S.K.: 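My questions will all concern the structure given below.
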Amino acid sequence: MGLELFVFATLVLSILSFFAWRWLVSKITERNIYKNILSVVLAICTISVLFFAIICVFLFSLSYYPKHDFDSNEWLKNPEKRYEMTTNMIESKLLIGKSKEEVSRLLGNERRLEWTKDGLDCWQYYIGDKPTFGMDLDPDAIDVYFKNGKVVRVYEHET
């Protein structure tokens with residue numbers, strides 16, 4: 001059904017475009033052969049640009065997701081949609097300078113991983129799967145880095 005509808009829509013748009021261009025071209029020239037050739041070329045160009053625009057909108061819609069201000073209650077309730085709040089959390093430096101207890105209160109105790117490296121403690125939190133263009137099979141996460149018990153850096157990445 002989808003392919004038939006696509007072919008039908010293409011045909012209708014092509015015909016409408018041809019006649020619209022033929023009408024406009026007839027205002028410029030009197031020779032019928034030039035009217036038809038120029039109208040066909042312009043119709044093909046119009047449909048090509050239209051399809052390019054449709055593809056761009058489609059690809060944009062695949063990777064679009066709303067961005068929300070960080071809300072601890074929403075973060076704890078909906079782990080699959082946490083990625084909608086991480087941009088705000090990182091850009092506002094909400095966690096920078098907070099203690100481990102404060103971070104646990106805001107983000108919860110359900111961490112994916114914990115490790116220590118080069119004098120920094122790191123907690124990793126699952127944030128869900130961000131919408132992307134391709135097939136992204138790995139979940140996304142944020143790493144919260146602590147130095148002397150205080151947050152010094154928050155980093156978002158794919159796992």
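This structure is a prediction, so every number in the text was calculated from the model and none was measured. Along the sequence shown, residues are numbered consecutively beginning with 1.
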S.K.: What's the spacing between Trp123 CH2 and Ser104 OG if we round to 0.5 Å?
M.R.: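 OG of Ser104 is found 3.5 Å from CH2 of Trp123.
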S.K.: Got a second to check how far Leu38's CG is from Ser26's OG, nearest 0.5 Å?
M.R.: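 Taking CG in Leu38 and OG in Ser26, the distance rounds to 11.0 Å.
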S.K.: Could you pull out all residues at least two apart from Asn88 that satisfy side chain to side chain donor-acceptor pair (under 3.5 Å)?
M.R.: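 Side chain to side chain donor-acceptor pair (under 3.5 Å) check on Asn88 returns Asp69.
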S.K.: Tell me, please, which residues at least two apart from Arg112 pass side chain to side chain donor-acceptor pair (under 3.5 Å).
M.R.: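 Result, side chain to side chain donor-acceptor pair (under 3.5 Å) vs Arg112: Gln124.
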S.K.: Which other residues end up in the same hydrophobic cluster as Leu16, if Ile, Leu, Val, Met, Phe, Trp and Tyr are linked when side-chain heavy atoms come under 4.5 Å apart?
M.R.: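 Cluster partners of Leu16: Phe8, Val12.
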S.K.: For the pair Lys67 and Glu84, evaluate side-chain contact (heavy atoms from CB on, under 4.5 Å) and give the outcome as yes or no after the intermediate values.
M.R.: CA-CA 5 Å; Lys67 293 182 172 94; Glu84 294 179 357; 5.9 Å; no
S.K.: In the single-linkage hydrophobic clustering (I, L, V, M, F, W, Y; side-chain heavy atoms under 4.5 Å), do Leu13 and Ile54 co-cluster?
M.R.: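 Yes, because Leu13 and Ile54 connect within a single hydrophobic cluster, where side-chain heavy atoms sit under 4.5 Å apart.
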S.K.: Please assess Asp121 against Lys100 for the test salt bridge (charged side-chain N to carboxylate O under 4.0 Å, His left out), listing each intermediate value before the final yes or no.
M.R.: CA-CA 10 Å; Asp121 295 332; Lys100 290 182 177 183; 2.6 Å; yes
S.K.: List for me each residue that meets side chain to side chain donor-acceptor pair (under 3.5 Å) alongside Glu74, sequence neighbours excluded, and say none if there are none.
M.R.: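 Glu74 satisfies side chain to side chain donor-acceptor pair (under 3.5 Å) with no residue once adjacent residues are dropped.
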S.K.: If you take all heavy atoms of Arg82 and Tyr126, which pair is closest and at what distance?
M.R.: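 Of all heavy-atom pairs spanning Arg82 and Tyr126, the closest is NH1-O, 2.9 Å.
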S.K.: Hey, could you give me the CZ/CG distance between Arg22 and Leu24, rounded to the nearest 0.5 Å?
M.R.: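 Separation between the atoms: 12.0 Å.
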S.K.: Just to verify, what does Trp21 make a ring-ring contact (aromatic ring centres under 6.0 Å, His included) with, not counting sequence neighbours?
M.R.: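 For Trp21, no residue satisfies ring-ring contact (aromatic ring centres under 6.0 Å, His included) once neighbours in sequence are set aside.
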S.K.: Does Phe51 CZ have over 12 foreign heavy atoms under 6.0 Å away?
M.R.: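 It does: Phe51 CZ has more than 12 such atoms within range.
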S.K.: Just by distance, no angles: are the side chains of Tyr125 and Glu110 close enough, under 3.5 Å, to form a donor-acceptor pair?
M.R.: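 No.
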S.K.: Shared ILVMFWY cluster between Ile15 and Ile44, side chains joined below 4.5 angstrom?
M.R.: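 In one cluster: yes.
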S.K.: With Lys93, which residues qualify under side-chain contact (heavy atoms from CB on, under 4.5 Å), at least two apart?
M.R.: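 side-chain contact (heavy atoms from CB on, under 4.5 Å) list for Lys93, sorted by chain: Ile96.
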S.K.: Same cluster for Leu42 and Phe18 if Ile/Leu/Val/Met/Phe/Trp/Tyr side chains link at under 4.5 Å?
M.R.: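 As far as the 4.5 Å side-chain criterion goes, Phe18 and Leu42 are not connected within one cluster.
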S.K.: Test side-chain contact (heavy atoms from CB on, under 4.5 Å) on Leu107 and Met89 and set out the steps.
M.R.: CA-CA 11 Å; Leu107 304 182; Met89 178 197 313; 3.9 Å; yes
S.K.: Who are the ring-ring contact (aromatic ring centres under 6.0 Å, His included) partners of Tyr155, not counting sequence neighbours?
M.R.: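 For Tyr155, the residues satisfying ring-ring contact (aromatic ring centres under 6.0 Å, His included) (neighbours in sequence not counted) are His157.
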S.K.: Val154 and Leu76: same hydrophobic cluster, using ILVMFWY side-chain contacts below 4.5 Å?
M.R.: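 Linked within one cluster.
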S.K.: For a quick test of reading the model, state the closest non-hydrogen atom pair linking Ala43 to Ser14 and the distance between them.
M.R.: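 So the minimum-distance heavy-atom pair works out to CB-O, 4.3 Å.
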S.K.: Could you work out, with side-chain contact (heavy atoms from CB on, under 4.5 Å) as the rule, every residue matching Glu156, not counting sequence neighbours?
M.R.: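 Expected list: Thr86, Ile90, Ile127, Lys130, Ile142.
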S.K.: Report the C-alpha distance between Arg105 and Ser72 in whole Å, list the side-chain angles of each, state the deciding distance to 0.1 Å, and finish with yes or no for side-chain contact (heavy atoms from CB on, under 4.5 Å).
M.R.: CA-CA 8 Å; Arg105 204 172 23 248; Ser72 184; over 6 Å; no
S.K.: Got a sec, which hydrophobics cluster with Ile28, joining ILVMFWY side chains under 4.5 Å apart, including via others?
M.R.: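 Members besides Ile28: none; it forms no cluster.
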S.K.: Can you name the ring-ring contact (aromatic ring centres under 6.0 Å, His included) partners of Tyr83, sequence neighbours left out?
M.R.: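 If we apply the ring-ring contact (aromatic ring centres under 6.0 Å, His included) test to Tyr83, skipping adjacent residues, the hits are Tyr65.
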S.K.: Decide yes or no on side-chain contact (heavy atoms from CB on, under 4.5 Å) for Glu114 and Cys122, but give the supporting numbers first.
M.R.: CA-CA 6 Å; Glu114 283 184 48; Cys122 184; over 6 Å; no
S.K.: Atom CG in Leu106, atom CG in Leu94: separation rounded to 0.5 Å?
M.R.: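 With rounding to 0.5 Å, CG (Leu106) is 6.0 Å from CG (Leu94).
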S.K.: Can you tell me if Asp71 uses its side chain to pair, donor with acceptor, with the backbone of Asn73 under 3.5 Å?
M.R.: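 A pair under 3.5 Å: yes.
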S.K.: Mind checking what makes side chain to side chain donor-acceptor pair (under 3.5 Å) contact with Ser39, not counting sequence neighbours?
M.R.: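 Per chain and number, Ser39 pairs via side chain to side chain donor-acceptor pair (under 3.5 Å) with no residue.
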S.K.: Are Ile47 and Val40 co-members of a hydrophobic cluster defined by side-chain heavy atoms under 4.5 Å apart?
M.R.: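 Cluster IDs for Val40 and Ile47 differ.
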S.K.: Identify, with sequence neighbours excluded, every residue that meets ring-ring contact (aromatic ring centres under 6.0 Å, His included) alongside Phe70.
M.R.: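 Listed in chain order: Trp75.
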